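Protein chains get the first letters and strands the later ones, always in sequence-line order, with residue 1 at the start of each. Just so it is clear, the model here is predicted, and its values are computed rather than measured. FYI, side chains are in, hydrogens and waters are out, and symmetry mates aren't considered; it's all heavy atoms of this structure.
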Amino acid sequence: MAADRLAPAQASRVTVEVNGTTYEREVESRRLLIHLLRDDLDLTGSHVGCDTGNCGACSVILDGTLVKSCMLLAVQVDGSSIETVEGLAEGELSPLQQAFSDHHALQCGYCTPGMLMSATALLRENPTPSDDEIANAIQGNICRCTGYWNIVKAVKAASGQEVGE
Amino acid sequence: MSETTVSPERTVVEEPTREQWSGQNVPRKEDKRLVQGEGVFFDDVKRHNMGYVHFVRSPYAHAKIRSVDVSAALDFPGVYGTLTGDEVATLTDPFFQISSPPGAHLKDYCLAVGKVRFVGEPVAAVVAETREGARDAAELIEVDYEPLPAINDARRALDDDAPVLHDDAGTNLTWEGVFDWGDVDGAFAEADRVVKISELHFNRFNSTPLECNGALVEYNRGTGQWTLITNNQFPGFAAIMMGPAMRVGLDKLRFVTQDIGGGFGNKITSHPQLVACCLLARKLNRAVQWTEWRTDFHTSMSHGNERWFVDTEVAVKNDGTMLGFRTTALDDAGAWLRYEPLGGIIWAQVTPGMYRWRNIQLDFKQVVTNKAPVSPNRGYSRMQHLWFTERVIDIVASELELDPVEVRKRNYIKADEMPYETPNGCIYDSGDYAKMLDVALDLIGYEELDSRRADAEKRGKLLGLGIGSTLDSGTNNFGQSRLINADLQFSGNNEVATVKLDLFGEIVVTLGTTPQGQSHETTAAQVVADILGCSLDDVNVRAGHDSYWNSHAGFSGTYASQFAVTGLGAVKGATEELAGQMRKLAAVVLGATPDDIELAEGQARLKGNPEAALPFMALGAIINANNAGLPEDLDVTLNCRYVYRPPFEVPDVERKYGNLTLTYAAQVHAAVVEIDPETGVYEIVDYAAVDDCGKRINPQIVEGQVMGATAQALGAATHETFPYDEEGNLLTPNFYDYHVPHALDMPPLKTGYIESESPFTSLGTKGMGEGGGAGIHAVCAALQDALRSNGKPIVYDSFNPYERVWEMLREPEASRERVTVEST
Amino acid sequence: MLLREVGYARPRTTDEALGLLAEYEGARPLAGGQTLINVMKARAAAPDVLVDLNGIAELKGVELGSDGTLEIGPMTTTSELIAAQEARARPILGEVCSQIADLQVRNRGTVGGNICASDPTNHLPPVMVAIGARMTIAGPSGERTVPADEFFLGVYMTAVGPGELLTKVTVPPGRSDGFSSVAVGKDGTCIANAAASANGGLRVVLGCVAAVPEVIRPDGTDAEAVRSAVRAAELTPPGDVHGSSEYRRALAEVVAARATAQATERVGG
């Protein structure tokens, strides 16, 4: 749990675990979590696609919960544990990542990290989701290239269910 | 959620001699890095001590700039420096204007000079140590404006009292072209009926790629060269714009791109901001980083052309044969002409749409208004025109009480008429539109339409079916620019590829393109592997674009639905040259003639005696490291650079006649909508998309493009819009208000394909990807069909949010006022 | 996109939070951040200090009393409310929360935040008024409870004054509720919405048409009675890019009737 901060501070030390590695950084309180990840920790897999928290390209899993990292301050995650796209493959691509490739669920790849995190969160909670449940799970992730059809198919395939051709 | 039905139809049949990579759904080379978040997009790159740029932007739609005071910003901690319009006006020359006068007289700089002309226009720039610091410092820059009246409706731009945006032009009508082909008067004399439509409107929106524009720019003082790590998708164009403005040679601008998060044409006109970054990098002697935020993108970059079709008259026979039309196209270019007025001719690639009418008159007027400047947007300028022809077909069919399917079939250009020369000399290479329509109707369950309509009615819904047919013309002949401005010296097109066989047998491919998801690494590898007879893993295609590779030419980039023709044409050319050289060298080594040598399984070997073989590595080693004793006249380098040049002539400027594009992919879509009559809310309940792009190198990738274009078109039809208020503020400046489709918005989708190979391309492929907005055309038609029983309103706008449908339900007569039918 | 400098504090208790709000005049509470962070990104507001409520355990949780009354901690996220067994005492809550935006927003966005934002297009304000919720507010002068129909005072304004915090939302039991909306795309921003409650007498509440939820009192439960009551209210809804005033007025009749039908269908069920 985060250290308590009872006196307002403009900047402070943040300790956060990301994909199993612990980092410590001095950050301004106004710094968004996505910028901590991308600019301070060089974890550039999570992306910025908007400035109003609508696109989901910045989605990460925070203490087990899917969130948009542009809608959190870095200081808010002091003491927390974060999973990003960089942590999904362990030597080789995860079945989910492989399914995305098999089913052409990415074109430019910009929304893909966020999509993968949303799909990861879904499959943990619901190992055999329906098409509608998958669409609902990625409703917070905008894609402009694929039209979502292949993404839904890929997630379904990754869950081990039959998918049409 | 989607199903694919493949209906292969090859008009040119080739028997493959061995298994071919082309035509297969091979895994994408791009995926491995992208699914691991290891893509490199410009904002992922960092340089030590780089400064972050923030642009100060105009809050006024139209205003004089009285003064710009950066002194407080310069004193702010962490600020490295600033740039103002006054500096820019001395350091650079105005950007080259494509237009003839009066558009030619626009003085466009990278920052506003003297005046601002749209809300969001960059006025000054500040560079600071941190992103947040640059943003803070920007608030300290004081700009004194004198607001002027603004114009935000193109239909008012030519009123006597309309404020003029550019004194240098003296008018808001920056370009006009009158096009007249065939015998329009004769067509109207022959017509049984004349259908008049007072006004149709194609709405303003764009493709909002998820990654916005941006760059990391470094300046090398010693060589005077800039390196731009950026996502500009047409470096050839950017360089032509930037070099002369910055008074430097084009080789001083090195463009480096790797991964780009979508482009769709909206990353072609970032050159003003890139110039600003270059000037700052040089001035401040440090790398400068610019990230365009979503709001910046929406308010200032790359809107799609908004176009009215005014006073349209259609000559038609009673049986629905379309004889011709006249119309005035009023195009709103926004405040600056950056790629415009090319939109004023590019529509002419598809003058008759998919139809056989020969008599066409179009007066194209392009005006400037106090809105964001337009730029190419997926389907650029053809989409607007094709939407128009589809609306005409549908509206005329409706007024004459004819079946829109029958009217299309009656008027479609026929397969046996291909290659077909249009009234203005463009050549449609191949295609079978009627067959595509049949496939679409089959996929959508056309036979069951009546029972579906009845079922919907029981549930209180109005059901409609609509067809949207469209063309995806690809590979421009830039000679068409001369039909905009006869003094321009552009023509033809090109793309480059270099393929080499390296020392250890690696095959390395370098492209001139700048892909933003179109899978160039993969399809290029398929073509190379087929020619060289090796595996896909043997072929290494470098990711992205780098001017230093010297594997690009004047038109290099990724735009205009052409890679399968130009890019792959270059790859094929380079690889065939390489293959020829490999056979020549192997022949020397094996004591045979080149014709005796075949390339297969990663080896060069004697036909009929496969034991006598040299692995590629051996060939690479000889040329690179062990070349003593080779015949003096052996012309083998194993490093082949090929410039693909499509077969074009310079068009006839007088008659505005000539072939403007090499290939014509086509799509026919069918949409079924259900409208809730109480609210105007509608749902797309079924959808089919049929595509023909000639030979498909990778069908899965083609399907991905069809799907993406469909999704964007559906968004443009239902929710996506860039409206302005009275003061010239954009009302949808970010994703909070600008609603793009999300996963739950997508209808069930069926896709189908036929392959009509192009006789004009080296691989039989046609460029594809843009998609021509078929989804917009189909939804408009479906809505009109659904509303038919409610007073026959006509759908007159490409954009139909729920409220417009509700209006058409309440007052069908209002839209009907736009249409009259006269018997002659 | 980039925030102004701000001080950040993360108290452990409600009292500590109130103390910080009292001590720093430009301080604002930070709940789920799904509204406030956006506002700060746009620099439309720039609090001097953010008092993060996410560490205050006593503001979370959903408790079901023996009389079926629900006590909802305002820092309960909408996802948590959807998942809470207790919340099934008033099913409309979970149903409506499921329509809010997307999963990421629901995972951080809070019940209290959605209510206190008092954005006319939000989902929970009309629901709270329809079901007769009561809001408990704590401040320097102690604690008080305000019924929902006195809680919303204007756009972005509620009975929670400067230096105060919403500490509890109390919801009576009931199952005969309905909700209907027309949104921009699925689960998008509401253009019009309405909540209805038919637990002993009909209450219909419109969102999106005025600065605060508008209570409608039809004299019957049939569609025409509801629509006529909406017309009688002579609404002047705002017009914006998503809908004109006239359109919202027309939609209001439809969503009110549909919400009512849903609520009355559930009576006795």
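At least one side-chain heavy atom of A:V48 sits less than 4.5 Å from a side-chain heavy atom of B:W293. At a threshold of 4.5 Å between non-hydrogen side-chain atoms, the residues B:E703 and A:H104 do not count as touching. In this structure the side chain of B:T208 reaches within 4.5 angstrom of the side chain of A:R144, judged on heavy atoms. Using a 4.5 Å heavy-atom cutoff, the side chains of B:D44 and A:R38 are in contact. The shortest side-chain heavy-atom distance between B:D43 and A:T44 does not fall under the 4.5 Å cut-off. By the 4.5 Å heavy-atom criterion applied to side chains, A:H35 and B:R131 are counted as neighbours. A 4.5 Å side-chain heavy-atom check between A:L106 and B:D31 finds at least one atom pair inside the cut-off. The closest side-chain heavy-atom distance from A:C55 to B:L210 is below 4.5 Å.
No donor-acceptor pair closer than 3.5 Å links the side chain of A:Q107 to the backbone N or O of B:Q518. Remark: side-chain polar atoms of A:W149 are not paired, donor with acceptor, to backbone N or O of B:G704 under 3.5 angstrom. Between the side chain of A:Y110 and the backbone N or O of B:Q516 there is no donor-acceptor pair closer than 3.5 Å. Between the B:R28 side chain and the A:S101 main chain, no donor and acceptor come within less than 3.5 Å of each other.
For B:R33, no part lies near chain A; criterion is any non-hydrogen pair under 4.5 Å. For chain A, the nearby parts of B:Y736 are the backbone and the side chain; heavy atoms of each come within less than 4.5 Å. Of the atoms belonging to B:Q36, heavy atoms from both backbone and side chain fall under 4.5 Å from chain A. Heavy atoms closer than 4.5 Å to chain B are found in the backbone of A:D102, but not in its side chain. Heavy atoms of B:F297 lying under 4.5 Å from chain A are absent altogether. Looking at A:L116, the atoms closer than 4.5 Å to chain B (heavy atoms on both sides) all sit in the side chain, from C-beta outward. With a 4.5 angstrom heavy-atom cutoff, B:T295 touches chain A via backbone and side-chain atoms both.
Shown here is A:E125, whose CD atom has no more than 12 heavy atoms of other residues, nucleotides or ligands within 6.0 Å. Around CD of A:E26, the count of heavy atoms belonging to other residues, nucleotides or ligands within 6.0 Å exceeds 12. The environment of A:E24 atom CD is dense: over 12 non-hydrogen atoms of other residues, nucleotides or ligands sit within 6.0 angstrom.
For the atom pair CZ of B:F41 and SG of A:C108, the computed distance is 5.5 Å after rounding to the nearest 0.5 Å. Atom-to-atom distance recorded for B:M707:CE and A:N150:CG is 4.0 Å, nearest 0.5 angstrom. The CG atom of B:N734 sits 4.5 Å away from the OG1 atom of A:T52 when rounded to the nearest 0.5 Å.
Residue B:L744 comes nearest to A:D132 through the heavy atom pair CD2-O, 4.2 Å, listed as atom of the first residue, atom of the second, then distance. Taking both residues in full, the closest heavy atoms of B:H742 and A:N54 are given as CE1-O, 4.0 Å, listed atom of the first, atom of the second, then distance. For A:F100 against B:V35, the heavy-atom pair with the smallest separation is CB-CG1, 4.2 Å.
Among B:S519, B:G39, B:G37, the residue with the largest count of heavy-atom pairs under 4.5 Å with chain A is B:G37. Counting heavy-atom pairs closer than 4.5 Å to chain B, the top-ranked of the candidates A:E28, A:E86, A:K156, A:H47 is A:H47. The greatest number of non-hydrogen atom pairs below 4.5 Å with chain A, out of B:K46, B:E30, B:Q705, B:H298, is found for B:K46. In terms of heavy-atom pairs under 4.5 Å with chain A, the best-connected choice from B:P741, B:P27, B:C212, B:G262 is B:P741. Residue with the most contacts toward chain B among A:C145, A:G87, A:S94, A:A89: A:C145 (heavy-atom pairs, distance under 4.5 Å). Highest contact tally toward chain B, considering only A:G56, A:G53, A:P113, A:G109, is held by A:G109 [criterion: heavy-atom pairs under 4.5 Å]. Between chain B and the options A:C111, A:S46, A:G147, the largest number of non-hydrogen pairs under 4.5 Å is found for A:G147.
Under the 4.0 Å criterion applied to side-chain N and carboxylate O atoms, A:R30 and B:E132 are not assigned as salt-bridge partners.
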Exercise for the section: List the steps, then state whether side-chain contact (heavy atoms from CB on, under 4.5 Å) holds for B:E38 with A:V85. Expected result: CA-CA 9 Å; B:E38 286 174 355; A:V85 65; over 6 Å; no
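Residues from residues 136-143 of chain A that place a non-hydrogen atom less than 4.5 Å from a non-hydrogen atom of chain B comprise A:N136, A:I138, A:Q139, A:I142, given in numerical order.
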